[in-house]
Amino acid sequence: MTEGQQYWLVKSEPEAFSIDDLARSTRQKTSWDGVRNYQARNFLRAMRMGDQVLFYHSNANPPSIVGIAEVVKAAYPDATQFDKHATHYDPGSDPGRPRWDMVDIRFVRKFTAPLSLNLLREQAVLKRMELLRKGSRLSVQPIRALEWKEIIRLVEHIAGRYAV
DNA sequence: GCCAACGTTGGC
DNA sequence: GCCAACGTTGGC
């Protein structure tokens, strides 16, 4: 584990962009654009190359953490904010001082079995996760090192059930 | 499809 | 600065 490495979670609706879409992308990379919430943007700006990112499927059955990506490029201006035809066009953003940023992430792995929201709720160690807070909508959020460790433990535990 | 929770907008 | 109205998110 690299010193200073941080952990994050990003949400995506699989119908819009799934972990399989990421795995199929050119060089298995994508720009995480379209974030239009200041708190989420600030977390994007705090991301560093090599940070590990949990990939969460919202509006899915069941909603689950489905895999891992990693940050391969730190925050830089999100081009879609200046594109009149883009869904997330922001006429209020000044090109001289862009309001919204994006990062590039690369596929790392897809879990053998997704970790459902229900399963996550059962873990005492994960009680403080932003994701599990009622009404939480933050699409980019930090994950504590302990939580990361617990999630990896769960993934390995579940994978072990299918091991030969 | 419902609706609670939340963020943003804009009138005052 | 207040706050009602509105739009969005996202679990269920």
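Just so you know, these numbers use all the heavy atoms, side chains as well, and skip hydrogens, waters and symmetry mates. Letters A, B, ... are given to chains in the order of the sequence lines, protein chains preceding strands, and every chain is numbered from 1. Model, not experiment: these values are computed from the prediction.
- Remark: A/R36 does not engage A/D90 in a salt bridge, criterion side-chain N to carboxylate O under 4.0 Å.
- A salt bridge does not link A/D78 to A/R41: none of the charged nitrogens lies less than 4.0 Å from a carboxylate oxygen.
- In the set C/dG10, C/dT8, B/dT8, the nucleotide with an atom closest to the side chain of A/Y38 is B/dT8.
- Contact annotation: A/K11 reaches the phosphate of C/dG10 (side-chain N/O to OP1 or OP2, under 4.0 Å).
- When every heavy atom of A/W148 is checked against every heavy atom of A/Q52, the shortest pair comes out as CH2-CB, 3.4 Å.
- Of the candidates C/dG11, C/dG10, B/dC6, the closest approach to any side-chain atom of A/L117 belongs to C/dG11.
- Whole-Å rounding puts the A/E15 CD to C/dG11 P distance at 13 Å.
- Put simply, A/K134 has no side-chain N or O that comes within less than 4.0 Å of OP1 or OP2 on B/dA4.
- Remark: C1' of B/dA5 and CG of A/N37 are 13 Å apart, rounded to the nearest angstrom.
- A/H57 places its NE2 atom 12 Å from the P atom of C/dG11, with the value rounded to the nearest Å.
- Taking a cutoff of 4.0 Å between a charged side-chain nitrogen and a carboxylate oxygen, A/E156 and A/R109 qualify as a salt bridge.
- In the set C/dG11, B/dC6, B/dA4, C/dG11 carries the atom at the smallest distance from any side-chain atom of A/S58.
- One interatomic measurement links the two molecules: CG of A/D90 to C1' of B/dG7, which rounds to 14 Å at whole-angstrom precision.
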inquiry  = Run the salt bridge (charged side-chain N to carboxylate O under 4.0 Å, His left out) test on A/D21 and A/R24 for me, step by step, so that the C-alpha distance in whole Å, both residues' side-chain angles and the decisive distance to 0.1 Å come before the verdict.
reply    = CA-CA 5 Å; A/D21 291 328; A/R24 280 193 299 262; 2.8 Å; yes
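- Where A/R121 and A/H88 meet DNA chain C, the nucleotide closest to each residue was compared, and A/H88 sits on the side nearer the 5' end.
- Going from atom CG of A/N59 over to atom P of B/dC2 covers 16 Å, rounded to whole Å.
- As rounded to whole Å, 10 Å separates atom P of B/dT8 from atom CZ of A/R41.
- Rounding to whole angstrom units, CZ of residue A/R36 and P of B/dT8 are separated by 13 Å.
- Taking atom CD of residue A/E130 and atom C1' of nucleotide B/dC6, one finds them 11 Å apart after rounding to whole Å.
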